[in-house]
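Worksheet for the structure shown next.
Not measured: the values here are computed from a predicted model.
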Amino acid sequence: MLTVIKLIWVSYLLFLVGSQDSNSIAQGQFLSIQTKPDPDDSAAFARWLLSLNSWGVLNTISTDLDGAPFGNVVSFSDGPPNEGSGIPYFYLTTLDPTARNALKDERASFTVSEYPLGTCGNLDPENPACSKITLTGKLKLVDDSKEAEFARISLFSKHSEMKGWPEGHNFQVFKLEIEDIFLIDWYGGPKPLSVDEYLHPKT
């Protein structure tokens with residue numbers, strides 16, 4: 001029964017974004033990975049790391065600090081629970097510097113760590129065996145109404161409080177269009193991983 005409900009839910013989300021491919025949404029393939037993948041499977045590991053997290057540090061180019069980098073803790077979602085698309089979505093207001101910065105200069109990076117998931121044991125967050133990923137690209141306002149609706153459903157399913165945030169603050173949906181991926185999931189330096197491999201893993 002739960003499987004049927006899950007399939008109906010995913011089908012509805014695919015309808016919202018007008019996808020012609022039942023395996024893709026918002027340019028990223030739906031992927032459900034509940035158990036920690038092998039570090040050698042970089043694409044699966046990166047998608048697992050992003051999908052199970054709910055917050056990270058979003059860095060933009062500050063308009064108030066003469067172009068200095070500005071990092072901000074933000075909530076995000078890349079899809080409904082257990083159905084990540086690989087694209088991080090954010091619910092931001094221009095009352096906060098991050099959204100204001102992005103509207104002036106879209107260059108941004110977003111970092112999440114495995115540490116909050118509780119799967120690093122006693123390792124320090126900086127230990128390479130406690131994985132982390134930085135996605136670099138353009139932080140863009142989502143104008144397409146279907147994609148924005150998908151993003152809101154994804155965000156609200158993980159962050160229910162957002163539904164009650166003040167309308168007068170004019171929260172809007174943003175997404176990171178990924179151009180580069182920096183992944184550390186074990187010793188030996190960053191793993192080579194292209195954007196296409198990340199968005200469409202063979203797992």
Side-chain angles (χ1 to χ4, degrees), residues 9-10 13 16-17 25-28 30-34 45-62 64 69-120 125 130-178 181-183 198-199:
W9 174 245
V10 172
L13 293 173
L16 283 176
V17 296
I25 190 165
Q27 301 175 347
F30 264 131
L31 197 63
S32 177
I33 306 176
Q34 294 305 298
F45 203 101
R47 291 290 297 272
W48 168 83
L49 183 56
L50 194 79
S51 184
L52 265 63
N53 262 294
S54 61
W55 63 273
V57 178
L58 183 57
N59 305 279
T60 52
I61 306 299
S62 176
D64 299 325
F70 177 79
N72 202 0
V73 172
V74 296
S75 299
F76 82 101
S77 177
D78 76 329
N82 306 325
E83 290 292 345
S85 70
I87 306 292
Y89 290 97
F90 311 93
Y91 203 44
L92 306 174
T93 170
T94 52
L95 296 176
D96 184 271
T98 298
R100 293 200 305 271
N101 293 341
L103 293 174
K104 293 288 184 64
D105 189 331
E106 294 178 334
R107 290 177 294 170
S109 67
F110 181 57
T111 299
V112 298
S113 167
E114 182 186 349
Y115 195 81
L117 303 181
T119 51
C120 288
C130 186
S131 62
K132 64 278 298 174
I133 187 171
T134 296
L135 306 174
T136 302
K138 300 290 195 305
L139 184 59
K140 292 180 173 287
L141 186 65
V142 178
D143 294 323
D144 180 87
S145 59
K146 289 183 179 180
E147 185 178 3
E149 179 64 15
F150 163 74
R152 288 189 186 91
I153 291 173
S154 300
L155 286 160
F156 295 168
S157 68
K158 291 186 176 180
H159 308 280
S160 58
E161 178 187 319
M162 288 180 173
K163 291 183 287 187
W165 286 357
E167 291 185 8
H169 289 188
N170 192 31
F171 282 90
Q172 295 174 288
V173 174
F174 287 75
K175 72 175 180 180
L176 186 67
E177 288 193 354
I178 304 167
I181 299 168
F182 178 87
L183 172 68
Y198 167 80
L199 291 177

Audit row: Trp55, His159, side-chain contact (heavy atoms from CB on, under 4.5 Å) steps and yes/no: CA-CA 10 Å; Trp55 63 273; His159 308 280; 5.6 Å; no
Chi angles and distances behind the side-chain contact (heavy atoms from CB on, under 4.5 Å) call for Ile133, Leu183: CA-CA 4 Å; Ile133 187 171; Leu183 172 68; 4.1 Å; yes
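For Phe171, the ring pair (Phe, Tyr, Trp, His ring centres under 6.0 Å) partners two or more places apart in sequence, or in a different chain, are Tyr91, Trp165. Partners of Lys158 by salt bridge (charged side-chain N to carboxylate O under 4.0 Å, His left out), not counting sequence neighbours, listed by chain and number: Asp78. With sequence neighbours left out, Thr98 forms a side-chain hydrogen bond (donor to acceptor under 3.5 Å, both in side chains) with Asn72, Asp96. Shown here are the salt bridge (charged side-chain N to carboxylate O under 4.0 Å, His left out) partners of Asp143, two or more places apart in sequence or in another chain: there are none.
Between Pro80 and Phe150, the closest side-chain pair of non-hydrogen atoms falls below 4.5 Å. Counting only heavy atoms from C-beta outward, the side chains of Pro116 and Asn53 approach each other to under 4.5 Å. For the pair Tyr198/Leu135, a side-chain contact is recorded, criterion being any heavy-atom separation below 4.5 Å from C-beta on. Counting only heavy atoms from C-beta outward, the side chains of Leu31 and Ser51 never approach each other to under 4.5 Å.
For residues 48-61, there are no salt bridge (charged side-chain N to carboxylate O under 4.0 Å, His left out) pairs, not counting sequence neighbours.
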Contacts under 3.5 angstrom, residues 103-112 side chains, donor-acceptor by atom type, not counting sequence neighbours:
residue: Asp105; atom: OD1; partner: Arg107; partner atom: N; Å: 3.1
residue: Asp105; atom: OD1; partner: Arg107; partner atom: NE; Å: 3.1
residue: Asp105; atom: OD2; partner: Arg107; partner atom: NE; Å: 3.3
residue: Asp105; atom: OD2; partner: Arg107; partner atom: NH2; Å: 2.7
residue: Glu106; atom: OE1; partner: Lys140; partner atom: NZ; Å: 2.9
residue: Glu106; atom: OE2; partner: Lys140; partner atom: NZ; Å: 3.4
residue: Ser109; atom: OG; partner: Asn59; partner atom: ND2; Å: 3.3
residue: Thr111; atom: OG1; partner: Thr134; partner atom: OG1; Å: 2.8

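Residues Thr93 and Ala99 share a closest heavy-atom pair of O-CB, 3.3 Å.
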